Number of protein chains: 2
Amino acid sequence: MQDKYSLLRQHIEEIVSITDEEWHFVKSHFEFKSYKKHQFLIQAGQAVDFEYWIIKGLVKAYSIDDKGKEHILQFAMENYWVSDHCAFQHQEPGTIFVDCLEDSAFFCLSLENREKICFKVPAMANFFRIKSNHGYINLQQRILSLLTMTAESRYAYLLNKLPQLVQRVPKKLIAAYLGVSRETLSRFNN
Amino acid sequence: MQDKYSLLRQHIEEIVSITDEEWHFVKSHFEFKSYKKHQFLIQAGQAVDFEYWIIKGLVKAYSIDDKGKEHILQFAMENYWVSDHCAFQHQEPGTIFVDCLEDSAFFCLSLENREKICFKVPAMANFFRIKSNHGYINLQQRILSLLTMTAESRYAYLLNKLPQLVQRVPKKLIAAYLGVSRETLSRFNN
DNA sequence: AATTAAAATTGATCTACATCACATTAAATT
DNA sequence: AATTTAATGTGATGTAGATCAATTTTAATT
């Protein structure tokens, strides 16, 4: 049964162990969806129904400022989790956009279902705790990079850390992620 | 029994419910410590033994760049959690400093003890999961503020969000938190 | 209270990076 | 293959904020 569900179970069992019975329960709370390139998972102003675990594909999460400029909060690809976590958590209208840079497939988890599985299956509470902790650590490092590094060294750092991402994504989006204009990025090294 | 331990229990029970028995178990895994102003909880290059829950006081978590300049990752006061989470999680030498801006008191939790209580008391796994999630959301908002706002509007935003912090802390540290020089900060508004 | 040290202000100058404008190249779409 | 659309590159110029330097104000410490 090497179907798409088994990928999710593998992802979970890299962090915690769950029994077949628990997995059966957990599995039933996820919903599969797939989207084409350019389609939106989340739009500012609208309800945020899910957190998305990415089976396949690549998305960007971003906000648009008053001048219409795009600022990228996150790129998310296979095995990443993405949502407008703030709006999702508080069940408020979203403030950011999430759309697909490639055709993509997801397992979707509602807030209600997430809380159900976390309180019914303790291992899942630990799974999300540990995942969330890793996410927190990553964001702290990004904040430090924004405070301490020049745009050019942030670019060098990203090239080193996620070379495949820089290949997979137009440079103007890399610029919007690094907090630099695309013109300036284009003037950096090679 | 309105001692310092009851504050911690209150803090936990704002998020999840635990029985007296569970609390007894949890409580025994925390260690109380207090530090004077200017003392270090964590220093770059040294082991990071704990996560700290702040009972009383105020600390800053920061890194020092190659030019000796200080960049503040976090201010933490009563009811906040603070550590070098990255080093703590991986049990590696720290890369940041955490020191006290005021005389402070803490409950300290080792990694081993954190995992023990999370796997023994499911409610605690949920407590840390939910706390970590909130932290993640806050950091995302800070990243967006660094990407989208000018230094001046970041300052206005902070003044509005945490006015008491801005009172409690020298402005040059506020500058180091916002990612702006103290001279520039001093030229803003009122 | 006196002394020392730290914090905040203010001016002058410098620089990393933004913005604007337009040319070039590459990738979608018909 | 031809046409449209998006991505990238490059020069010229502008600006938010940095850095340097010196002064004033405020807070610690003896």
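Here is the naming used below: chain letters follow the sequence lines, and residue numbers restart at 1 for every chain. Predicted model, so just to flag it, every value in this text is computed and none were measured.
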Just how far, in rounded Å, is [atom2] of [N] from [atom1] of [X]?
X	N	atom1	atom2	value
B:K36	D:dT29	NZ	P	12 Å
A:M149	C:dA16	CE	P	16 Å
A:E152	C:dA18	CD	C1'	16 Å
B:Y155	D:dG17	OH	P	14 Å
A:L101	C:dA27	CG	C1'	15 Å
A:L146	C:dA16	CG	C1'	15 Å
B:F188	C:dT10	CZ	C1'	15 Å

Inset, instruction - For B:K69, answer base if it contacts any base atom (sugar-phosphate contacts may also be present), sugar-phosphate if it contacts only those atoms, and nothing otherwise; contact means non-hydrogen atoms under 4.0 Å. - result: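 Sugar-phosphate, no base atom in range.
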
Legend entry - Nearest-nucleotide pick for A:A151, side chain only, options being C:dC17, D:dA18, C:dT19: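 Closest nucleotide among those given: C:dC17.
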
Legend entry - Residues B:D20, B:R9: salt bridge by 4.0 Å N-O rule: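 The answer is yes: the pair qualifies as a salt bridge.
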
Inset, instruction - Inspect the contact between A:K131 and A:E51 and indicate whether a charged nitrogen and a carboxylate oxygen are less than 4.0 angstrom apart. - result: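 No.
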
Legend entry - Residue pair A:D65 / A:H71, side-chain donor-acceptor N/O under 3.5 Å: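 Present: a donor and an acceptor within the cut-off.
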
Inset, instruction - Report the secondary structure of DNA chain C in dot-bracket form, marking unpaired bases with a dot and bases paired to a different strand with |, and treating Watson-Crick or G-U pairs with both distances under 3.5 Å as paired. - result: |.||||||||||||||||||||||||||.|

How about [X]: does its [atom1] atom have over 12 heavy atoms from other parts shown lying under 6.0 Å from it?
X	atom1	value
A:F40	CZ	yes
A:F32	CZ	yes
B:E21	CD	no

Legend entry - N/O donor-acceptor pair under 3.5 Å between B:S104 side chain and B:L58 backbone: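 Indeed, once roles are kept as given, a pair shorter than 3.5 Å links the two residues.
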
Inset, instruction - Treat primed atoms plus P, OP1 and OP2 as sugar-phosphate and everything else as base, then score nucleotides 6-11 of chain D 5' to 3': B for base contact with protein heavy atoms under 4.0 Å, S for sugar-phosphate contact only, - for none. - result: -SBBBB

Inset, instruction - Decide yes or no on side-chain hydrogen bond (donor to acceptor under 3.5 Å, both in side chains) for B:R114 and B:Q89, but give the supporting numbers first. - result: CA-CA 11 Å; B:R114 190 188 69 184; B:Q89 183 64 41; 2.9 Å; yes

Legend entry - With A:I64 via side chain to side chain contact (heavy atoms under 4.5 Å, CB included) - residues at least two apart: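 With neighbours one apart ignored, the set is A:Y62, A:E70, A:F97.
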
Inset, instruction - Starting from the 5' end of DNA chain D, give me the residue, B:T150 or B:H38, whose nearest nucleotide shows up first. - result: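 Of the two residues, B:T150 wins.
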
